[in-house]
2 protein chains.
Amino acid sequence: MNIKEIAKLAGVSVATVSRVINNNPNVSSASKEKVLSVMAENNYTPNLFARGLNTKSINTVGILCPDIGDVNHARTVSSLEHSLRDRGYDVLLCCTGRQSKSTHEYLHLLSDKRVDAIFMVGCAGEEDPELSEYQKSGKRVPLIIVNGYLDLPGVYCVLCDERTAMCDMVKELFERGCRNMAFIEDSDTYSAYQKRQGFLDGIKLCGLAPNPKLHIRIDPFVQSELFCTKSIFSQLFEAGERIDAILAADDILAVGALQAMVQAGRSFPIIGFNNSEHAVCCTPALTSMDNRIDVQCNIAVETMLDILQGKDAIDKLVVSAKLEERETYRRE
Amino acid sequence: MNIKEIAKLAGVSVATVSRVINNNPNVSSASKEKVLSVMAENNYTPNLFARGLNTKSINTVGILCPDIGDVNHARTVSSLEHSLRDRGYDVLLCCTGRQSKSTHEYLHLLSDKRVDAIFMVGCAGEEDPELSEYQKSGKRVPLIIVNGYLDLPGVYCVLCDERTAMCDMVKELFERGCRNMAFIEDSDTYSAYQKRQGFLDGIKLCGLAPNPKLHIRIDPFVQSELFCTKSIFSQLFEAGERIDAILAADDILAVGALQAMVQAGRSFPIIGFNNSEHAVCCTPALTSMDNRIDVQCNIAVETMLDILQGKDAIDKLVVSAKLEERETYRRE
DNA sequence: TTGTATGCGTTATCAG
DNA sequence: CTGATAACGCATACAA
């Protein structure tokens with residue numbers, strides 16, 4: 001069933017049918033009704049390929065993310081998807097599998113599909129030379145990074161002031177008397193880098209000496225990050241290492257450390273990051289820094305709309321984090 | 001840059017270029033090389049719309065799921081996406097938002113996009129009359145349900161024997177001496193129904209009387225299912241209700257109950273379901289029934305390939321669950 | 001307000 | 001092995 005057949009059945013021309021489909025006002029209500037009813041009877045829907053061939057757009061955007069199985073990425077994609085669908089856009093999902101190599105490929109793949117924009121979630125921190133090459137090449141699709149930053153022309157970023165948040169947290173704990181704060185991180189994203197720097201900023205500003213022994217890095221590819229973190233901290237406690245606070249770049253890491261702490265019969269502030277469900281699963285419940293991913297996603301989608309409408313959009317927007325207080329740390 | 005320009009630059013016809021693009025063997029290696037080099041120089045990629053207009057397929061499948069923010073759905077989609085991409089398929093993601101109404105719409109939306117197949121994740125249990133209507137309507141796209149079952153012609157299902165697994169678990173606990181087992185459930189999916197029936201089967205087979213007070217249903221739309229479950233069980237414990245085992249349809253529910261149990265200073269077997277990360281976040285670590293979603297996804301994709309190749313595929317495939325033993329219950 | 005004719009970029013058919 | 005050309009289904013400029 002195509003537009004020609006509908007036109008014949010409705011006794012009008014294909015142009016008129018096309019106008020009805022596209023809500024063109026220049027159609028008599030009589031024709032319009034007739035066409036609509038014929039379309040309904042035959043439950044006809046226009047072929048999107050043919051349509052896209054003309055309009056160069058199918059109201060579809062691509063989302064690029066390392067792994068949708070990761071809770072944080074899943075939340076982000078979920079939020080983006082809802083915002084986008086509310087505005088009539090479909091979502092093409094690409095999981096790159098954390099291999100920076102293929103990011104490049106996927107970028108091409110998506111723009112070959114003629115998506116209207118591409119969102120990147122959980123992207124790497126370094127200035128990817130391939131990405132800039134991509135931006136230079138003919139295929140200019142609006143590129144929007146969520147919870148990350150890349151200083152490239154034509155790339156728009158929405159992020160969270162995680163560095164400041166982390167730094168302030170360190171200062172706050174220092175005022176509470178903490179002098180031996182541990183820091184745990186895993187992935188190598190821009191976001192991870194910000195948190196690390198924030199921690200180091202704080203340590204420095206408090207006049208403390210950085211202690212490499214308390215700066216833990218967990219390989220994000222291990223079977224279980226939680227278990228790995230837990231055993232490292234168990235060893236530290238057994239070795240009698242002095243620790244009076246822990247800050248983690250992600251909740252799952254914080255939970256691992258928390259379990260080790262409880263097992264060691266100790267108790268001090270632990271702060272997670274991303275405010276995921278993990279924070280409420282553990283006991284005691286984990287205080288966590290919320291990076292406001294929902295807000296970020298909304299802004300990202302608004303930014304996309306601005307770009308597509310030709311308005312000039314802000315290329316770097318920063319939202320502020322918010323501490324979700326639970327049992328492992330409470331402000332006075 | 002289109003096929004015509006490439007043809008001109010390479011000094012051949014569009015037909016030859018098209019053959020090169022599609023790996024048609026009937027091209028001299030000389031022409032082939034020439035065309036390939038011209039394509040590379042101009043980093044040309046064929047327009048997928050024009051292509052789809054002829055071939056009726058763009059190697060894209062749709063995935064329909066209530067909410068990608070849900071950890072279980074996220075894991076499933078992640079697994080499907082990987083399998084599919086390995087085989088050259090892209091993924092169009094649609095989150096229906098748990099509203100059965102819109103499932104119908106999304107189904108149409110996806111087939112309008114001319115996807116090659118549609119996977120449904122976390123779908124409702126009842127025989128959706130709209131779905132069967134959909135299947136009857138002209139738009140016949142292979143429909144594959146993961147971790148669910150719908151007895152409809154042309155619908156293929158992969159699932160887990162959760163009913164048996166749950167039933168066996170009850171029997172096992174009975175033999176261990178448990179006589180007052182509680183059951184917690186939330187959503188209203190096919191999977192949820194199976195678990196509930198499995199529990200009731202087990203209770204009956206053990207000659208126990210069903211206790212409505214210990215059959216807890218949590219509204220899946222509450223702010224926090226975990227917290228809700230926890231407070232319900234706290235109340236039960238305070239009221240002196242006798243409970244000597246808990247089975248939950250999902251880990252997050254089990255964790256809530258677990259926290260209440262620990263707080264009440266009690267200890268008995270708790271079994272979660274889906275073997276998610278939640279199970280290792282809590283203390284004691286949660287024993288959980290794994291529904292082998294990765295295996296299910298692989299099978300689902302294989303099924304899709306069979307269907308698309310015209311082979312006749314199995315329309316109902318059942319994998320068996322596997323208990324992941326942790327601290328809340330260990331087999332002897 | 002309506003219809004005709006043309007083009008969008010490929011693939012497929014057929015003749016060479 | 002190659003090339004010309006007709007589809008594919010729709011949008012749109014232009015004419016009426």
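Naming: A, B, ... by sequence-line order, numbering from 1 per chain.
Every side-chain contact (heavy atoms from CB on, under 4.5 Å) that A:Val295 has, sequence neighbours left out, goes to A:Arg292, A:Ile299, A:Val319. With sequence neighbours excluded, no residue forms a side-chain hydrogen bond (donor to acceptor under 3.5 Å, both in side chains) with A:Glu41. Looking at residues two or more places apart in sequence or on another chain, you find no side-chain hydrogen bond (donor to acceptor under 3.5 Å, both in side chains) involving B:Thr303.
A cation-pi arrangement is absent between A:Lys316 and A:Tyr156, since the terminal nitrogen or guanidinium carbon is not both under 6.0 Å from the aromatic centre and inside a 45° cone about the axis.
Between B:Ser31 and the phosphate of D:dC1, there is no side-chain N or O to OP1/OP2 separation shorter than 4.0 Å.
Side-chain contact between A:Ile144 and A:Val61 is absent, with no heavy-atom pair separated by less than 4.5 Å. Counting heavy atoms from C-beta on, the side chains of B:Leu36 and B:Lys32 come closer than 4.5 Å.
Overall, the helix from C:dT1-D:dA16 to C:dG16-D:dC1 carries an axis bend of 40° between its ends, with five pairs at each end and the value rounded to 10°.
For B:His73 (side chain) and B:Asp67 (main-chain N/O), a donor-acceptor pair under 3.5 Å exists by modelled atom type.
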Query - Sequence-aligned protein contact record of nucleotides 10-16 of chain D, with B where the base is within under 4.0 Å of a protein heavy atom and S where only the sugar-phosphate is - result: BBB----
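Under the 4.0 Å criterion applied to side-chain N and carboxylate O atoms, B:Arg87 and B:Glu302 are assigned as salt-bridge partners.
For DNA chain C, the span of nucleotides reached by chain A at under 4.0 Å from its heavy atoms goes, 5' to 3', from C:dT1 to C:dG9.
Along DNA chain D, the nucleotide closest to B:Asn26 and the one closest to B:Leu53 are compared, and the more 5′ of them pairs with B:Asn26.
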